[in-house]
Amino acid sequence: MITSLSAFLPNPNPNPNPNPDLLHNHNFTLSSVRSWKNKTTPSKSPFSVSCSSSSHAYDVVIVGAGVIGLTIARHFLLSSDLSVAIVDKALPCSGATGAGQGHLWMINKTPGSATWDLAWRSHQLWTTLAQSLEEQGLDPTVELGWKKSGSLLVGRSDAESDMLKGRVKQLCEAGLKAEYLSSSDLFKEEPDLLVDRDSAAAFLPVDCQLDAHRTVEYIEKTNRNFASEGRYAEFYNDPVKCFIRSDGNGEVKAVQTFKNTLYSKKAVIVAAGCWTGCLIQDLFRNWGMELHVPVRPRKGHLLVLQNFNLLALNHGVMEADYLNHPTISGLESSDCEKDLSVSMVASIDAAGNLLLGSSREFVGFNIDLDESVVSYIWRRVGEFFPKLKTLSLSDLSVSRKVRIGLRPYMPDGKPMIGPVPGLSNVYLAAGHEGVGLSLALGTAEMIVEMVLGNQGKVDTSPFAVQQALD
């Protein structure tokens, strides 16, 4: 764990190919957003903030503009009359949010587990959002990259088949319409998948996926509708420098960035992903206190083949071993400290790109491309889809892209959602690891209800910050 605010300094090597619809000018705000489609630059946005150092007051200040932070802002704006500011050291989708596959899957969640209710609530909220767009005459595929393809959890042994039968039973008892597919049924669903007599799958038709960049852009657009009312502002490319405590009650009264002081009347919410731990640790140390938040960065590679039509996929596909993340040994890039694991996950997004993953390893905050990991992903996927064995990665250099992100890992597998002990107006929403997008809307609802003092729809106790700190 690094213990320096250098993690929140501007990136000296920013993403060379950011989503052009999300580019911001040197003011680090929303003015002069370039229109990629029309190649025009609109006039200064009415909710821009000057780049000069200044003070502003909001009811809620959110640190972190990933999908968790942005959806929390959205929920506050839609369900209350509070004003919200969101601050980030970079731009949306420059971290874990933009590097993922966008799956909203329940097939790999276990009914009765600590995160099940939150995952299912989030799944329902995403589905409701897609339906509401349709009711407004909008296409959720265009707005969100929405795709309802269903998911398959594939096993290739008797033991895995038994596990899948048990999972289907659990999912059905939880109210979902899951199916167990024998080898013959599985082959009918996915002809390009290698299927032998021991193959089987759990099938969940309700599962779907999003495109993170389109979804974030839609959420930002929704949030910005409240800017003209003075209820919303963004402070991007403006790293957090420190928190300012009140002399009276010791609560945090403001967030000091490198360019602005953002006063908070009601709540400060830290949703900074894998940087949450070192940020909180440094801020508390400045007050002569120690608070160790055990979130760690867990690096992931995702291979993207653009407009790839050699492989036909009717559903999202995940190997059963994904649930266990077994560590790989004998790889040149792997060692006992990295705990590298690679599991086959394959899907086709709404734009027709083949998404192949996924890897997990502990290498600190390193986001350098590791070709040996990409090669292992390719070989692993080839074990399930023989068509791909006829190609080498060098044959795909033109269409190939690799997304690299840092998942916010928690040792107990649960995110932290709730107030920080001893600071009643500071909340954490972090540690979602690889399911941030999947859990975002449920997390946003939970945090907002906590701040507003409303009865929640999901039990908050499994996610209490105090539990994570004990």
Side-chain angles (χ1 to χ4, degrees), residues 5-15 18-19 21-31 33 45 47-49 51 53 56 58 60-74 76-77 83-100 212-213 215-217 219-224 227 232-243 252 254-262 264 267-280 282-283 295 297 365 367 405-408 426-432 436-437 440 443-444 447:
L5 276 176
S6 61
F8 265 72
L9 293 176
N11 184 355
N13 296 301
N15 180 3
N19 183 349
D21 287 324
L22 296 176
L23 290 176
H24 291 65
N25 73 347
H26 65 279
N27 286 347
F28 308 135
T29 59
L30 299 172
S31 60
V33 179
S45 299
F47 41 96
S48 296
V49 181
C51 64
S53 180
H56 313 271
Y58 304 90
V60 178
V61 177
I62 301 170
V63 179
V67 70
I68 300 296
L70 288 169
T71 53
I72 291 172
R74 171 184 176 272
F76 270 119
L77 295 167
S83 59
V84 181
I86 191 162
V87 58
D88 198 284
K89 69 185 180 71
L91 297 175
C93 281
S94 58
T97 295
H213 288 270
T215 299
V216 162
E217 187 177 357
I219 293 170
E220 282 192 298
K221 182 169 61 177
T222 300
N223 292 349
R224 291 168 185 170
Y232 181 69
E234 295 169 354
F235 298 85
Y236 293 164
N237 288 320
D238 193 4
V240 171
K241 188 176 181 181
C242 66
F243 288 173
V252 172
V255 175
Q256 179 73 60
T257 72
F258 274 74
K259 294 185 173 293
N260 296 280
T261 303
L262 308 177
S264 169
V268 173
I269 298 164
V270 181
C274 62
W275 287 274
T276 299
C278 52
L279 175 65
I280 291 294
D282 277 353
L283 295 174
V295 64
F365 287 86
I367 56 171
L406 300 174
R407 303 179 182 91
V426 178
Y427 296 75
L428 300 187
H432 296 74
L437 188 67
T443 298
I447 279 284

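Please read all numbers here as calculations on a predicted model, not as lab measurements.
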*Would you give the length of the straight line joining atom CD1 of Ile447 to atom CD1 of Ile62, rounded to the nearest 0.5 angstrom?*
9.0 Å
_With rounding to the nearest 0.5 angstrom, report the CG to CG distance, Leu279 to Leu428._
9.5 Å
*What are the two closest heavy atoms between Gly273 and Ala430, and how far apart are they?*
O-CB, 4.1 Å
*CG/Leu70 to OG1/Thr222 distance, rounded to the nearest 0.5 angstrom?*
10.5 Å
*Closest non-hydrogen atom pair, Ile68 against Ala271*: CG2-CB, 4.0 Å
*What residues, two or more places apart in sequence or in another chain, satisfy side-chain contact (heavy atoms from CB on, under 4.5 Å) together with Ala444?*
Thr71, Ile72, His75
*Do you know the tightest heavy-atom contact between Asn223 and Ala73?*
ND2-CB, 3.9 Å
*Would you name the heavy atoms of Ala440 and Val67 that are closest together and state the gap between them?*
CB-CG2, 4.0 Å
*Which of parallel (below 30°), tilted (30 to 60°) and perpendicular (above 60°) describes Tyr58 and Phe235?*
perpendicular
*Between atom CG of Leu437 and atom OG1 of Thr443, what is the distance when rounded to the nearest 0.5 Å?*
11.0 Å
*Could you tell me which non-hydrogen atom of His213 sits nearest to which non-hydrogen atom of Gly98, and how far apart they are?*
NE2-O, 3.7 Å
_Smallest separation among heavy atoms of Val295 and Gly431, with atom names_ = CG2-CA, 4.1 Å
_Spacing of Ile219 atom CD1 and Arg224 atom CZ [to the nearest 0.5 Å]_ = 11.5 Å
*Do Val240 and Trp275 have side chains that get closer than 4.5 Å, going by heavy atoms?*
no
*Are Tyr236 and Ile86 side-chain neighbours, meaning at least one heavy-atom pair lies under 4.5 Å?*
yes
_Just so I know, are the side chains of Pro408 and Thr276 near enough to count as touching, which here means a heavy-atom distance under 4.5 Å?_
no
*State the OH-CD distance between Tyr232 and Glu220, to the nearest 0.5 angstrom.*
6.0 Å
